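Have a look at the structure below before the remarks.
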Amino acid sequence: MVHPINKQSLSSGKTTHNRALSLIFHKMAECYRYMGTEERFRATAYENVSRVLANMKEDISEHAGSVEELDEIGGIGESIAEKIIEYLQTGKIKTFEELKKKLPFDLLELMDISGFGPSTLRTLHEKLGINNRDDLVKALQENKLNKLKGFGERKLTNMKRALKMEKSNNRMPLQLAEEEGARLLRLIKSIKAVEKIALAGSLRRKKETVGDIDMVLVAVPRNRKRIVEEIIRVIQPQKILARGTTKLSMIVGDRETQVDIRLVHDYEFGSAMLYFTGSKEHNIRLRTIAKERGMKINEYGIFDVKTGERLAGETEEEMYELLGLNYVSPEKRIDAESVETKD
DNA sequence: GGGCTGTACTG
DNA sequence: CAGTAC
DNA sequence: GCCC
DNA sequence: CAGTG
DNA sequence: CACTG
């Protein structure tokens with residue numbers, strides 16, 4: 001019998017452990033990232049579990065009867081399973097507490113800000129004894145960073161801007177993003193050499209909140225430089241984060257919305273849309289399936305691993321088809337489970 | 001034991 | 001080139 | 001760290 | 001100063 | 001950016 005209770009209301013209020021653990025594992029991932037390149041895969045593993053927990057419908061405690069039971073969940077292995085059980089029983093994780101003692105923990109939150117990676121933060125801590133955001137703001141005001149290797153004028157300007165913007169870290173509600181997306185689309189469509197342009201990313205997935213606006217634009221290479229110039233002219237961004245011939249990234253409007261635009265060939269449109277629509281979990285799932293079938297997916301298409309031959313990429317439909325999967329509409333590309341093989 | 005995506009852009 | 005982001 |  | 005990595 | 005020429 002099907003109960004007329006939707007999954008949202010069923011899950012809300014029952015996933016408090018998931019949220020807490022997801023945050024802890026995210027922080028642990030940052031710790032390991034900070035520790036250096038040898039630990040980067042460990043960091044990735046923790047970040048993956050953090051995301052799995054965030055997406056999980058039911059509370060993790062329902063699966064936490066034993067290490068073996070947790071281990072069955074994708075991304076969770078023996079070590080993290082033990083830590084989950086430890087948390088549910090004692091309220092904390094010893095390994096995490098150790099990491100907090102050992103590292104400049106307050107500094108690591110800066111890793112959530114664009115432009116602050118592990119290397120930058122390590123340098124700040126080791127060379128200038130910076131331990132947190134306030135230290136950094138003060139050091140910037142007093143021009144303490146100027147003599148550091150790798151911290152030139154541009155880098156400092158970008159750091160200051162990123163720090164200022166981080167407080168008003170806006171994800172906008174879907175409807176607002178849709179309006180802004182439509183506005184940008186209209187402006188860019190007015191450029192003659194643009195053959196086609198479409199919204200991608202979380203906006204296309206119609207996620208309830210949208211962090212940035214992604215677009216895929218079709219144009220032949222010889223027109224791209226001019227197109228990028230034209231886009232900048234008609235949009236008048238507040239700031240250009242990156243501009244090349246295949247990629248334009250900028251900050252737009254009063255709300256300081258980040259807009260990312262990829263320029264691709266017409267025959268790459270499907271693969272580019274698939275790739276940049278996500279979600280990340282969905283992409284990873286597709287990638288894994290492709291690999292099992294001896295194929296490889298990237299934003300340029302699906303390729304035969306052996307021969308390197310390009311097998312698909314013009315449309316999303318043909319790509320799902322080639323992988324032996326049912327087509328998944330953008331709204332449903334949430335997690336790995338949204339992918340199902342054809343009968 | 002060994003892979004964990006691959007690419008574009010910045011400074 | 002190393003670092004960063006996607 | 002996880003997963004072949 | 002422009003070009004390279 | 002650091003470095004080179």
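Just so it is clear, the model here is predicted, and its values are computed rather than measured. To find a chain, count down the sequence lines: A is the first, B the second, and so on, and within it residues start at 1. Heavy atoms only: backbone and side chains are in, while hydrogens, waters and symmetry mates are out.
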Exercise for the section: Report which part of the nucleic acid A:Glu153 touches: base, sugar-phosphate, or nothing (heavy-atom distance under 4.0 Å, all strands). Expected result: sugar-phosphate

Counting only pairs under 3.5 Å, give me each side-chain donor-acceptor contact of residues 89-108 of chain A, with atom names and distances, residues two or more places apart or in other chains.
from, atom 1, to, atom 2, distance (Å)
A:Thr90, OG1, A:Glu86, O, 2.8
A:Thr90, OG1, A:Lys92, N, 3.2
A:Thr90, OG1, A:Lys92, O, 2.9

Handout entry: A:Lys155 side chain to A:Thr120 side chain, donor-acceptor N/O pair below 3.5 angstrom
Key = yes

Handout entry: Length of the line joining A:Asn158:CG and B:dC9:C1', which is rounded to integer Å
Key = 12 Å

Completion exercise
CD (A:Glu314) and CG (A:Asp266) are apart, to the nearest 0.5 Å, by 7.0 Å

Practice task
May I ask you to say what A:Ile73 touches in the nucleic acid, namely base, sugar-phosphate or nothing, with a heavy-atom cut-off under 4.0 Å?
Solution key: sugar-phosphate

Exercise for the section: Find the distance A:Arg42:CZ to D:dC2:C1' and express it as a whole number of Å. Expected result: 11 Å

Exercise for the section: For residues A:Gly181 and A:Leu203, report the shortest heavy-atom separation together with the two atoms involved. Expected result: CA-CD2, 4.4 Å

Practice task
For A:Ile113, answer base if it contacts any base atom (sugar-phosphate contacts may also be present), sugar-phosphate if it contacts only those atoms, and nothing otherwise; contact means non-hydrogen atoms under 4.0 Å.
Solution key: sugar-phosphate

Problem - Touch class at under 4.0 angstrom, heavy-atom based, for A:Arg243 against every strand present - result: sugar-phosphate

Exercise for the section: Could you tell me from which nucleotide to which nucleotide of DNA chain C, 5' to 3', there is an atom under 4.0 Å from chain A heavy atoms? Expected result: C:dG3 to C:dC6

Practice task
Would you indicate what A:Glu39 reaches in the nucleic acid, counting non-hydrogen atoms under 4.0 angstrom: base, sugar-phosphate, or nothing?
Solution key: nothing

Fill in the blank from the handout: Note: contacts of residues 302-314 of chain A with DNA chain C (heavy atom, under 4.0 Å) are none

Practice task
Have a look at A:Phe41 and say if it touches a base, only the backbone sugar-phosphate, or nothing, with a 4.0 Å heavy-atom cut-off.
Solution key: base

Practice task
Scan A:Ile297 against the nucleic acid and name what it touches under 4.0 Å (heavy atoms): base, sugar-phosphate only, or nothing.
Solution key: nothing

Exercise for the section: Would you kindly give the CG-to-P distance between A:Leu263 and B:dT7, to the nearest whole Å? Expected result: 18 Å

Practice task
Scan residues 118-126 of chain A against DNA chain C and write down, sorted by residue number, each residue with any heavy atom closer than 4.0 Å; if none is found, say none.
Solution key: A:Pro118, A:Ser119, A:Thr120

Practice task
Could you check how far CZ of A:Arg154 sits from P of F:dA2, rounded to whole Å?
Solution key: 13 Å

Problem - Contacts of type ring-ring contact (aromatic ring centres under 6.0 Å, His included), residue A:Tyr267, not counting sequence neighbours - result: A:His265

Practice task
Answer with base, sugar-phosphate or nothing: what part of the nucleic acid does A:Glu292 contact at a heavy-atom distance below 4.0 Å?
Solution key: nothing

Exercise for the section: Ignoring hydrogens and angles, state whether a donor on the side chain of A:Arg333 or A:Ser279 is under 3.5 Å from an acceptor on the partner side chain. Expected result: no

Practice task
To the nearest Å, give me how far apart CG (A:Asp260) and P (B:dT7) are.
Solution key: 19 Å

Exercise for the section: For B:dA8, take OP1 and OP2 only and decide whether either is under 4.0 Å from a side-chain N or O of A:Thr245. Expected result: no

Handout entry: Qualifying ring-ring contact (aromatic ring centres under 6.0 Å, His included) pairs, either residue in residues 48-76 of chain A, two or more places apart
Key = none

Review item, side-chain donor-acceptor pairs of residues 74-85 of chain A, under 3.5 Å, at least two apart:
from, atom 1, to, atom 2, distance (Å)
A:Ser79, OG, A:Lys83, NZ, 3.0

Exercise for the section: Give A:Ser249 one of three labels, base, sugar-phosphate or nothing, depending on what nucleic acid heavy atoms sit under 4.0 Å from its own. Expected result: nothing

Completion exercise
Those residues at least two apart in sequence (or on a different chain) that pass side chain to side chain contact (heavy atoms under 4.5 Å, CB included) with A:Asp135 are A:Ile130, A:Asn131, A:Asn132

Fill in the blank from the handout: Apart from A:Met273 itself, its cluster of hydrophobic side chains linked below 4.5 Å comprises A:Val216, A:Val218, A:Val264, A:Phe269, A:Tyr275, A:Phe276

Practice task
Look at all strands and tell whether A:Thr44 reaches a base, only sugar-phosphate, or nothing, counting heavy atoms closer than 4.0 Å.
Solution key: nothing

Exercise for the section: Sequence neighbours left out, what passes salt bridge (Lys or Arg N to Asp or Glu O under 4.0 Å) with A:Lys144? Give chain and number order. Expected result: A:Glu142

Practice task
Give one of base, sugar-phosphate or nothing for A:Ile76, where a contact means two heavy atoms less than 4.0 Å apart.
Solution key: sugar-phosphate

Handout entry: Other cluster members, A:Tyr300 - Ile/Leu/Val/Met/Phe/Trp/Tyr, side-chain contacts below 4.5 Å
Key = A:Phe303

Exercise for the section: Check every strand shown and say whether A:Tyr275 touches a base, only sugar-phosphate, or nothing at a heavy-atom separation below 4.0 Å. Expected result: base

Handout entry: Donor + acceptor pair across side chains of A:Thr37, A:Arg40 (<3.5 Å)
Key = yes

Exercise for the section: Quickly work out the A:Met159 CE to B:dG11 P distance and round it to whole Å. Expected result: 13 Å

Fill in the blank from the handout: Rounding to 0.5 Å, atoms NZ (A:Lys239) and CD (A:Gln258) come to a distance of 12.0 Å

Practice task
Check the distance between B:dT10's C1' and A:Ile240's CD1 and give it to me in whole angstrom.
Solution key: 14 Å

Exercise for the section: On the 0 to 90° scale, with breaks at 30° and 60°, tag the A:His125-A:Tyr34 ring pair as parallel, tilted or perpendicular. Expected result: perpendicular

Completion exercise
Taken to the nearest whole Å, OH/A:Tyr32 to P/B:dC4 is 22 Å

Handout entry: Nucleic acid contacts of residues 139-152 of chain A, taken as heavy-atom distances under 4.0 Å to DNA chain F
Key = A:Lys149, A:Gly150, A:Gly152

